[in-house]
Novice: 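Take a look at this one; I'll ask things after.
Here is how names work: the chains are called A, B, and so on, in the same order as the sequence lines, proteins then strands, and each is numbered from 1.
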Amino acid sequence: MEELGVALRRAVTELGSTVGKGALLLAHSQLAQTFLEIPQGSDAVIRQLVAREVERQKPFSGPAVWQDEPSAPYGNGTGRLLHLLPRAVHDDLAAAFRSAGLQLTSVIPVSEAVPELNSGSGAAGGYPVLVGVLIPGGIVLSLRQRDGALLVRSIPLPICDPERIGAELRRTASFARQQFQISVARICLAGPAIAVEEVRRVGASSGLVFEVWAETALDYWATWAQTYGDQPRINLLSREYSEAPQRRVRSLWSQRFGLTCLGLATVLSLVLEFHRTKEVADQSHLRMELTRLEKSVVEARTVNDRMRIQALLVHAWDATVRLPVYLWLPGYLAERLADPLVVTNLYLVTQSSGWRLRLAGCVSSAGQAIPDNTVSSFLTELSDGPLQFEVGVADSPPLIGRSNLVMTGSWTQRLEPLTQESRPRPTRFQLEGTLP
Amino acid sequence: MKRFQGFLRRKGPVRERLLVLVPLVIAAVLVLGSSLRWVRTVNMTSRLTRNVGQMERDLEVREQFHARARQTAIEERHAELRERLVEGLEGCREWLTRVTCTAAHHGFRVGIKFGTGSRLPGQELPVDLVPLNLEFLPQNSSEGESCHSAHLIGLLYDLESDRAPLQVVELTLKGSGRGLVSASIVARLWVFAPPL
């Protein structure tokens with residue numbers, strides 16, 4: 001494999017290729033093809049069965065890369081052609097390409113080229129045909145029906161040994177007869193002209209008839225590979241390896257995405273942290289302000305409570321206290337009181353606002369009647385002051401003589417109207433009023 | 001180390017997923033942590049701002065109350081009233097002595113009846129309003145004589161100018177026509193009754 005890597009590096013260097021991709025048409029001693037008889041079933045079932053057969057029939061130890069294809073129908077049977085390659089060989093091939101800076105895109109068994117040879121030359125001779133293609137280091141045999149291959153074998157042997165080649169051809173024809181119950185109609189041989197001629201000569205001596213079918217030019221394989229296309233029908237390149245570039249790209253972009261997210265998150269975190277730091281600074285100012293305000297409020301609350309209690313006491317005093325009118329009222333009344341009236345009783349009591357006053361008096365000479373208009377002139381005297389009298393009453397003494405004989409409340413009293421002279425004049429007066 | 005590298009090669013997809021997931025998880029943790037811290041800080045700031053606002057309003061209301069109280073000179077008036085309050089039983093005795101002396105000075109005998117005091121409602125200060133009945137009789141009234149009302153007015157002036165807060169509720173004067181016979185005053189005395 002190292003030689004392959006060296007050759008590839010040299011080719012890349014000499015060609016100056018910048019493609020970076022490479023396909024491999026593989027003829028290898030450990031590349032095996034085998035025929036499987038598989039019952040009918042769904043694709044998934046068939047794949048499971050083939051995978052099981054791969055593990056059972058692989059001619060080497062270790063894991064394998066493989067691909068199968070449906071074989072051409074024969075009789076009533078169906079089968080599949082299985083191509084197998086050791087995983088280690090596959091990895092070595094991929095490593096050799098990678099060492100040359102190439103991405104291996106496909107590993108195609110050389111047997112894939114045989115149908116092209118077949119279609120390139122005339123197939124008028126009829127089927128089934130056993131095609132043998134001499135390649136460097138061996139021969140590829142393909143037993144083909146009209147609509148596809150029944151059998152493919154890659155046999156590593158020196159192409160300069162025509163007897164062994166002839167023997168392999170005979171053995172393959174016998175196997176086809178036994179396995180598929182078909183007789184090979186003709187045997188076609190392709191390859192370098194000298195080798196083909198040698199094999200034909202030896203075969204003729206042993207009773208085999210060969211058609212020399214095509215002479216493969218030295219650049220046939222390269223030409224075939226170029227025209228084969230990008231999507232080979234059989235590609236033994238493992239899925240992991242073939243998808244590796246996409247996976248690498250996907251992984252790269254995923255990592256970039258992750259790192260971008262990480263970067264954005266870091267930036268966002270820094271921005272948030274910056275704002276948070278500002279908020280914390282604001283908080284410290286607010287806390288200082290709050291502490292100051294709390295202190296002020298506590299002080300104010302203490303003063304408030306004290307003032308509220310003080311106000312309650314003061315308001316209670318204000319609500320009950322009245323102007324001390326009793327200090328000046330006796331003197332004031334004495335000044336206004338006209339002779340011969342005297343005040344004998346003065347009653348002063350607080351009310352909802354101000355004072356209520358009741359005073360009573362008589363004439364200075366005891367028992368004398370109050371002269372006419374004396375009380376009214378006293379009231380007139382007081383009217384220009386703060387006193388407001390509502391009621392002025394002059395009391396009469398009890399009736400003497402006949403009046404005493406009459407029962408109080410008798411209606412007959414009204415039968416004799418009293419004259420002015422007979423009506424008793426009052427001896428006492430009583431006044432009621434208010435003071436603010 | 002080689003075994004670990006081999007493990008990584010075998011577990012390639014896991015490593016790739018880890019390479020994506022780890023930054024994403026770290027980013028999520030960063031953003032979530034920062035956001036939570038920031039949100040918590042902002043909430044704290046808004047709470048502090050609200051508290052400061054409330055404190056300012058509270059202080060403003062209290063200052064307005066102060067201003068009103070100062071306008072009405074509550075403190076001075078309270079101090080004056082508090083100073084005038086008769087203090088306890090001993091204060092009442094002193095006041096009684098003072099009144100008796102003043103009344104005698106103006107030519108009156110005084111008879112005093114104390115009622116049951118009632119606590120001034122809504123006060124933290126223990127202030128009792130003690131109802132009392134003052135009966136002033138001229139010192140020579142036993143002979144049925146009277147005196148001039150000017151004596152009583154002088155007495156009332158002196159009682160008014162006394163520092164004790166005496167609140168007159170009723171005043172009854174009785175005269176004979178030639179002079180004052182008796183004066184009766186129903187009043188309430190404001191007494192500071194400290195707890196025993």
Side-chain angles (χ1 to χ4, degrees), chain A residues 247 250-251 254-255 257-259 261-266 268-270 272-273 275-276 279-280 282-283 286-287 289-290 293-294 296-297 300-301 303-304 307-314 316-317 320-322 324 326-328 330-331 334 342-350 361-362 364 366, chain B residues 13 16 19-24 26-28 30-31 33-35 37-38 41-42 44-45 48-49 51-52 55-56 58-59 62-63 65-66 69 72 74-75 77-78 81-82 120 122-125 127 149-150 152-153 156-157 160 165 167-178 188 190:
Chain A
R247 202 170 56 244
R250 195 167 59 237
S251 172
S254 301
Q255 286 175 30
F257 173 72
L259 290 174
C261 286
L262 186 60
L264 286 174
T266 308
L268 183 61
S269 299
L270 286 174
L272 288 175
E273 190 61 27
H275 283 291
R276 200 185 74 82
E279 292 281 335
V280 168
D282 289 348
Q283 275 183 19
L286 283 170
R287 282 204 178 88
E289 180 71 9
L290 194 61
L293 283 170
E294 275 174 349
S296 303
V297 166
R301 192 174 293 152
V303 174
N304 256 18
M307 281 188 163
R308 188 173 51 79
I309 293 166
Q310 291 174 351
L312 281 173
L313 187 65
V314 170
W317 174 259
T320 52
V321 79
R322 298 286 182 274
Y326 44 81
L327 296 178
W328 54 264
V342 288
V343 174
T344 55
N345 289 78
L346 175 67
Y347 176 69
L348 200 60
V349 65
T350 55
C362 60
S364 55
Chain B
E16 286 167 10
L19 283 173
V20 178
L21 283 177
V22 167
L24 285 177
I26 293 173
L30 266 176
V31 171
S34 305
S35 304
R37 276 158 61 90
W38 182 69
T41 311
V42 167
M44 187 67 189
T45 308
L48 281 172
T49 309
N51 287 352
V52 166
M55 283 284 177
E56 280 174 346
D58 194 6
L59 192 62
R62 290 180 190 284
E63 279 173 353
F65 179 79
H66 283 191
T72 51
I74 289 289
E75 279 181 310
R77 292 179 63 197
H78 177 267
L81 188 59
R82 175 72 186 78
L120 190 65
Q123 289 290 318
E124 290 188 9
L125 272 179
V127 175
S149 60
L152 180 71
I153 289 168
L156 290 175
Y157 265 107
E160 187 67 26
Q167 184 185 342
V168 175
V169 178
E170 282 182 31
L171 174 70
T172 308
L173 302 180
K174 287 182 184 170
S176 61
R178 290 193 300 277
R188 283 194 291 255
W190 288 47

Novice: At a heavy-atom separation under 4.5 Å, does B:L59 approach chain A through its side chain, its backbone, both, or neither?
Specialist: both

Novice: Determine the option with the most heavy-atom pairs under 4.5 angstrom with chain A, choosing from B:L24, B:V169, B:V31, B:V20.
Specialist: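 Result: the option with the highest number of such pairs is B:V169.
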
Novice: Is chain B contacted by the side chain of A:L268, its backbone, both, or neither, given a heavy-atom distance below 4.5 Å?
Specialist: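 Interface part for A:L268: side chain.
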
Novice: If you measure from CD1 on B:I26 to OG on A:S269, what distance do you get to the nearest 0.5 Å?
Specialist: 11.5 Å

Novice: Please identify, among A:V280, A:N345, A:T344, the residue contributing the most non-hydrogen atom pairs under 4.5 Å to chain B.
Specialist: A:T344

Novice: Shortest non-hydrogen contact from B:H66 to A:A300?
Specialist: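 So the minimum-distance heavy-atom pair works out to NE2-O, 3.4 Å.
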
Novice: Taking all non-hydrogen atoms of both residues, which atom of A:L290 and which atom of B:M55 are closest, and how far apart?
Specialist: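 Between these two residues, the closest heavy atoms are CD1-CG, 3.8 Å.
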
Novice: Which atoms of A:R250 come close to chain B, meaning under 4.5 Å heavy atom to heavy atom: side chain ones, backbone ones, both, or neither?
Specialist: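 It is neither, since no heavy atom gets under 4.5 Å.
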
Novice: Return the NE2 to CD1 distance between B:H78 and A:I309, rounded to the nearest 0.5 Å.
Specialist: 8.0 Å

Novice: With only heavy atoms counted, which part of A:V349 is less than 4.5 Å from chain B, the side chain, the backbone, both or neither?
Specialist: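 A:V349 touches chain B through backbone and side-chain heavy atoms alike.
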
Novice: Working to the nearest 0.5 angstrom, can you tell me the gap between B:N51 CG and A:E294 CD?
Specialist: 8.0 Å

Novice: Which atoms of B:E75 are under 4.5 Å from chain A, going by heavy atoms: the side chain, the backbone, both sets, or neither?
Specialist: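 For B:E75, backbone and side chain are both near chain A.
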
Novice: Of the backbone (N, CA, C, O) and the side chain (C-beta and beyond), which part of B:S35 lies under 4.5 Å from a heavy atom of chain A, both, or neither?
Specialist: both

Novice: Given side chains that start at C-beta, do those of B:W190 and A:V321 come closer than 4.5 Å, heavy atoms only?
Specialist: no

Novice: Measuring from atom CD of A:E279 to atom CE of B:M44, what distance do you get when rounded to the nearest 0.5 angstrom?
Specialist: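 A:E279 atom CD to B:M44 atom CE measures 12.0 Å (nearest 0.5 Å).
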
Novice: Tell me the closest heavy-atom pair linking A:T350 and B:V168, and the distance in Å.
Specialist: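 Shortest heavy-atom contact: CG2-O, 3.6 Å.
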
Novice: Is the shortest side-chain heavy-atom distance between A:E273 and B:R37 below 4.5 Å?
Specialist: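 They are in side-chain contact.
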
Novice: What part of B:R188 lies closer than 4.5 angstrom to a heavy atom of chain A: side chain, backbone, both or neither?
Specialist: side chain

Novice: Among A:N304, A:V343, A:L348, which residue forms the greatest number of heavy-atom pairs with chain B at distances under 4.5 Å?
Specialist: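 Highest number of heavy-atom pairs under 4.5 Å: A:N304.
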
Novice: Under 4.5 Å from any heavy atom of chain B, what part of A:V303 do you find: side chain, backbone, both or neither?
Specialist: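 The answer is both parts of A:V303.
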
Novice: Which pair of non-hydrogen atoms, one from A:Y347 and one from B:T172, has the smallest distance, and what is that distance?
Specialist: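 Smallest heavy-atom distance, with atoms named: CD1-OG1, 3.2 Å.
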
Novice: For the atom pair CG (B:L30) and CG (A:L272), what is the distance rounded to the nearest 0.5 Å?
Specialist: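 B:L30 atom CG to A:L272 atom CG measures 10.5 Å (nearest 0.5 Å).
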
Novice: Of all of B:R62, B:Q167, B:E170, which one pairs up most often with chain A through heavy atoms under 4.5 Å apart?
Specialist: B:R62

Novice: Which value, rounded to the nearest 0.5 Å, describes the distance between B:T45 atom OG1 and A:R276 atom CZ?
Specialist: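 Rounded to the nearest 0.5 Å, the OG1-CZ separation comes to 10.0 Å.
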
Novice: Counting only heavy atoms from other residues, nucleotides and ligands, does the tally under 6.0 Å from CH2 of B:W38 exceed 12?
Specialist: no

Novice: How close do B:L156 and A:Y326 get, heavy atom to heavy atom, and via which atoms?
Specialist: CD1-O, 3.8 Å

Novice: Quick one: are B:D58 and A:R301 in side-chain contact, heavy atoms under 4.5 Å?
Specialist: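 In short, these two side chains touch, coming nearer than 4.5 Å.
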
Novice: Please name the pair of heavy atoms, one in A:P330 and one in B:I153, separated by the smallest distance, quoted to 0.1 Å.
Specialist: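 Minimum heavy-atom separation between A:P330 and B:I153: CB-CD1, 3.6 Å.
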
